[in-house]
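Input: a single structure, listed below in structure tokens.
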Amino acid sequence: MTLGARDMDPTELLLAHLEIRQLAYRYAYAQDFRDAALLLSLWLETAEPAPYPDIDIHTVRAEHERWFRKGPTVHFVGNHIIELDDPDHAHGSVYCTAQLDLGEEFVDQSILYQDTYVRHEGMWLFQRRRHLLWF
């Protein structure tokens with residue numbers, strides 16, 4: 001637990017963890033069900049794009065249609081470590097396995113997302129995700 005989280009009300013801390021975990025689940029669901037509106041709703045609006053290889057709202061807007069052209073996919077969210085920096089900022093790591101049908105090949109991925117989260121207007125959102133492939 002970081003210094004900012006230590007000063008938080010325990011109920012608020014618990015709710016923040018729960019809401020942030022839902023972001024990872026909703027991201028996976030939006031990918032698998034090709035739900036662009038849901039996918040876009042998970043991100044903080046920023047003025048400047050994040051540098052590669054980070055994913056942000058600008059990347060999602062530019063790439064989601066290409067991402068959705070794959071065949072069926074299954075994203076399974078596993079371990080999720082969350083560190084609250086203060087009541088409105090957090091970071092974390094999410095393990096995910098993804099199975100992707102690319103037509104001519106089947107891909108089985110182990111992914112680590114390194115995330116930055118921001119609470120904006122009472123909702124936790126992704127600010128950035130770093131998508132790291134393990135296999």
Side-chain angles (χ1 to χ4, degrees):
M1 186 181 320
T2 60
L3 182 60
R6 212 176 298 153
D7 298 328
M8 289 180 68
D9 172 74
T11 303
E12 289 296 317
L13 185 64
L14 182 63
L15 285 172
H17 277 83
L18 179 65
E19 291 169 6
I20 291 169
R21 280 194 176 95
Q22 286 294 311
L23 281 175
Y25 299 148
R26 287 187 172 107
Y27 181 90
Y29 184 88
Q31 289 283 352
D32 293 341
F33 285 87
R34 311 306 195 256
D35 188 334
L38 175 59
L39 186 63
L40 290 164
S41 76
L42 305 175
W43 296 87
L44 179 70
E45 189 64 51
T46 60
E48 295 294 320
Y52 180 83
D54 290 356
I55 299 168
D56 68 354
I57 186 65
H58 303 278
T59 311
V60 174
R61 273 199 199 104
E63 298 291 331
H64 77 273
E65 288 183 24
R66 182 178 64 82
W67 296 344
F68 289 175
R69 283 197 290 260
K70 304 183 217 60
T73 63
V74 175
H75 290 77
F76 180 79
V77 177
N79 300 342
H80 193 171
I81 305 299
I82 300 165
E83 298 288 342
L84 270 83
D85 303 314
D86 61 43
D88 295 319
H89 298 89
H91 63 278
S93 297
V94 180
Y95 291 82
C96 180
T97 57
Q99 298 173 325
L100 315 170
D101 179 354
L102 301 180
E104 66 285 349
E105 67 179 316
F106 182 81
V107 176
D108 199 357
Q109 293 180 341
S110 294
I111 304 165
L112 174 65
Y113 289 103
Q114 293 178 326
D115 295 335
T116 304
Y117 315 105
V118 175
R119 184 162 48 183
H120 178 71
E121 297 179 355
M123 289 183 53
W124 283 99
L125 301 169
F126 291 114
Q127 182 174 15
R128 291 185 182 182
R129 298 198 95 182
R130 180 161 286 171
H131 177 270
L132 303 170
L133 293 177
W134 289 44
F135 299 106

*In terms of the angle between their ring planes, are W43 and F126 parallel, tilted or perpendicular, with boundaries placed at 30° and 60°?*
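Rings of W43 and F126: tilted, 30 to 60°.
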*Assign the ring pair F68 / H64 to parallel, tilted or perpendicular, where the plane angle (0 to 90°) is split at 30° and 60°.*
perpendicular
Transitive ILVMFWY side-chain link [X] to [Y], under 4.5 Å:
X	Y	result
F33	Y25	yes
V118	L42	no
L38	L125	no
L23	W67	yes
L100	V60	no

With a 4.5 Å limit on heavy-atom distance, are the side chains of [X] and [Y] in contact?
X	Y	answer
Q99	V107	no
V94	Y27	no
L133	I111	yes
Q114	L132	yes
Q22	E19	no
Q109	T97	no
K70	R34	yes
P53	R130	yes

_Salt-bridge present (R128, D56; N to O < 4.0 Å)_ =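 Salt bridge: no.
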*Any salt bridge between E45 and R61, counting N to O under 4.0 Å?*
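Answer for the salt bridge query: yes.
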*asked:* Could you check whether any side-chain N or O of D32 sits under 3.5 Å from a backbone N or O of H75, counting only pairs where one atom can act as donor and the other as acceptor?
replied: yes
*Hey, mind stepping through H91 and D85 against side chain to side chain donor-acceptor pair (under 3.5 Å) and telling me if it holds?*
CA-CA 7 Å; H91 63 278; D85 303 314; 3.0 Å; yes
*For Y113 and D115, what are the C-alpha separation, side-chain angles and deciding distance, and is it a side chain to side chain donor-acceptor pair (under 3.5 Å)?*
CA-CA 6 Å; Y113 289 103; D115 295 335; over 6 Å; no
*Would you please test H58 and T46 for side chain to side chain donor-acceptor pair (under 3.5 Å) and show each step?*
CA-CA 8 Å; H58 303 278; T46 60; 3.1 Å; yes
*Would you say F106 has more than 12 foreign heavy atoms packed within less than 6.0 Å of its CZ?*
yes
Provide the closest heavy-atom pair for [X] versus [Y] in the form atom of the first, atom of the second, distance.
X	Y	value
W134	L112	NE1-CB, 2.9 Å
A24	V77	O-CG2, 3.7 Å
L84	H17	CD1-CE1, 3.4 Å

*What is the distance from atom NE2 of H80 to atom SG of C96, rounded to the nearest 0.5 Å?*
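The SG atom of C96 is 11.0 Å from NE2 of H80, to the nearest 0.5 Å.
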